[in-house]
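Atoms considered below: every heavy atom in the structure, side chains included; atoms not considered: hydrogens, waters and symmetry mates. So that the names make sense, note that chain A is the first sequence line, chain B the second, and so on, each numbered from 1. What you see is a predicted model; the values in this text were computed from it and never measured.
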Amino acid sequence: MSIVAIAKWLEGLALARFVAQAPWVFPTVETIHVVAIAMVVGSIAVVDLRLLGVSWTSRPVTEVAEEILPWTWGGFFIAVLAGALMFISAASKYVVDVPFQLKMLLLVCAGVNMLTFHHVTYRDVGVWNHGRTPRTAKLAAGLSLAFWIAIVTCGRLVSFTTQDEFEPPSTSVAPAPAAARVLDD
Amino acid sequence: MLTSLSSWLEKTSLSIAIQDVSWVIPFCQTVHILCLALVLSSVVFLDVRLMGIGPHRIPVSALAKRFLPPTWGAVAVMALTGAVLVIGEPQRDLPNMVFQIKMLLLVCVLAVTSIIQARIAANPNAWGDGIASWPARIAGAVSLLLWLGIATCGRFIAYFLA
């Protein structure tokens, strides 16, 4: 079964049809996705900036991580759920969309970066918890910030390349968003 | 009036320049969203603490000092990128009811944030350490709801095109 066939099958699900066709469901899910990803990126930036030695340097790294990361994970969980709903509503268009593919690749990169940091560098956090962070921690934090900024950028571009199809039926009388037209020109 | 203002605005050379360079609008939208990430996270951390449900290890005054200055900076960048988006596509925004609501909510939240900041500065201990007072809880909840409303309006502008 090809990936496009799987995507077509997903699109046929009742839930997918509901997200695609019911008035205001898609923009509502989109709003939840945006707020959740804002929470992910903003909170991870707090931890990354601590690791980079830019801010909150007087506080132990573990304390900052313990306070902030539950918000990151909560936001990520909601963003994935909302994102999955958006994805199945037009899966066959997303799987062939380059910004979408890039976004998924960058998510994997961010995950690998996080796991590497967690299982290698963070193991001896006790040594540098209160002061200057090692170069490897700074590298992981810099990469994390770069990956997440790129993920948000790709997310924005996904809607530029596929926006026309996702306008709910209730707005079909309105002209396509000018932004989409600008890129189409 | 807003419609005629929009018609005039979209014929200005600045607006035409924004429309003509294809990457300006997506670029500004991306920067706008990244700043929203900073603002939303910052206000969530401060507001839940004001509401008495956040981590209690840090005094409210220290949280405010850490998160409010970057919030104002990010809001300034959002105003700038937002202005570019409005000038580039005035018909999409100015006559749009959702955009108007968003601006109203924005004025409200900036006022609420200024009040919160002033109260904390005037009396660092009153608004936070220990059990949250009711004014602090209400201010935190109002700020949080207003920001969520602003983000929601921002997303819905595209679905209420005049």
Exercise for the section: If a pair satisfies salt bridge (charged side-chain N to carboxylate O under 4.0 Å, His left out) and one of its residues is in residues 120-134 of chain A, list it, with sequence neighbours excluded. Expected result: none
Problem - Part of residues 98-108 of chain A lying next to chain B, heavy-atom separation under 4.5 Å - result: none
Handout entry: Contacts of residues 66-81 of chain B with chain A (heavy atom under 4.5 Å)
Key = Arg66(B), Phe67(B)
Problem - Polar side-chain atom of Lys138(A) near backbone of Leu51(A) as donor-acceptor pair, under 3.5 Å - result: no
Handout entry: Salt-bridge present (Glu67(A), Arg59(A); N to O < 4.0 Å)
Key = yes
Exercise for the section: Run the ring-centre check on Trp71(A) versus Phe77(A) and record whether the distance is less than 6.0 Å. Expected result: no
Exercise for the section: Hey, can you tell me if Trp24(A) and Phe156(B) have their rings parallel, tilted or perpendicular (30° and 60° cut-offs)? Expected result: tilted
Completion exercise
Output for pair (His130(A) NE2, Ser58(A) OG), nearest 0.5 Å, gives 11.5 Å
Exercise for the section: Specify the closest pair of heavy atoms between Val152(A) and Ile33(B), including all atoms of both residues, with the distance to one decimal. Expected result: CG1-CG2, 3.8 Å
Exercise for the section: For Glu11(A) and Tyr94(A), test the side chains for any donor-to-acceptor distance below 3.5 angstrom and give the result as yes or no. Expected result: no
Exercise for the section: Ignoring hydrogens and angles, state whether a donor on the side chain of Asn113(A) or Ser144(A) is under 3.5 Å from an acceptor on the partner side chain. Expected result: no
Problem - Region of Val40(A) in contact with chain B, defined by heavy-atom distances below 4.5 Å - result: neither
Practice task
Could you grab the distance from atom NZ of Lys65(B) to atom CG of Leu46(B), nearest 0.5 Å is fine?
Solution key: 14.5 Å
Practice task
State, yes or no, whether a side-chain contact exists between Pro134(A) and Thr121(A) at a heavy-atom distance under 4.5 Å.
Solution key: yes
Problem - Residues of residues 138-154 of chain B within contact distance of chain A, non-hydrogen under 4.5 Å - result: Leu148(B), Ala151(B), Thr152(B)
Exercise for the section: First locate atom OH of Tyr122(A), then atom OG1 of Thr116(A), and finally report the distance between them rounded to the nearest 0.5 Å. Expected result: 15.5 Å
Completion exercise
Rounded to the nearest 0.5 angstrom, the CH2-OG distance for Trp8(B) and Ser15(B) is 10.0 Å
Exercise for the section: Check each atom of Glu66(A) against the heavy atoms of chain B and say whether the ones under 4.5 Å are side chain, backbone, both or neither. Expected result: side chain
Completion exercise
Comparing Leu38(B), Leu40(B), Ile157(B), Leu85(B) against chain A, the one with the most heavy-atom pairs below 4.5 Å turns out to be Leu40(B)
Handout entry: Main-chain N/O of Thr31(A) paired to Arg155(B) side chain as donor or acceptor, under 3.5 Å
Key = no
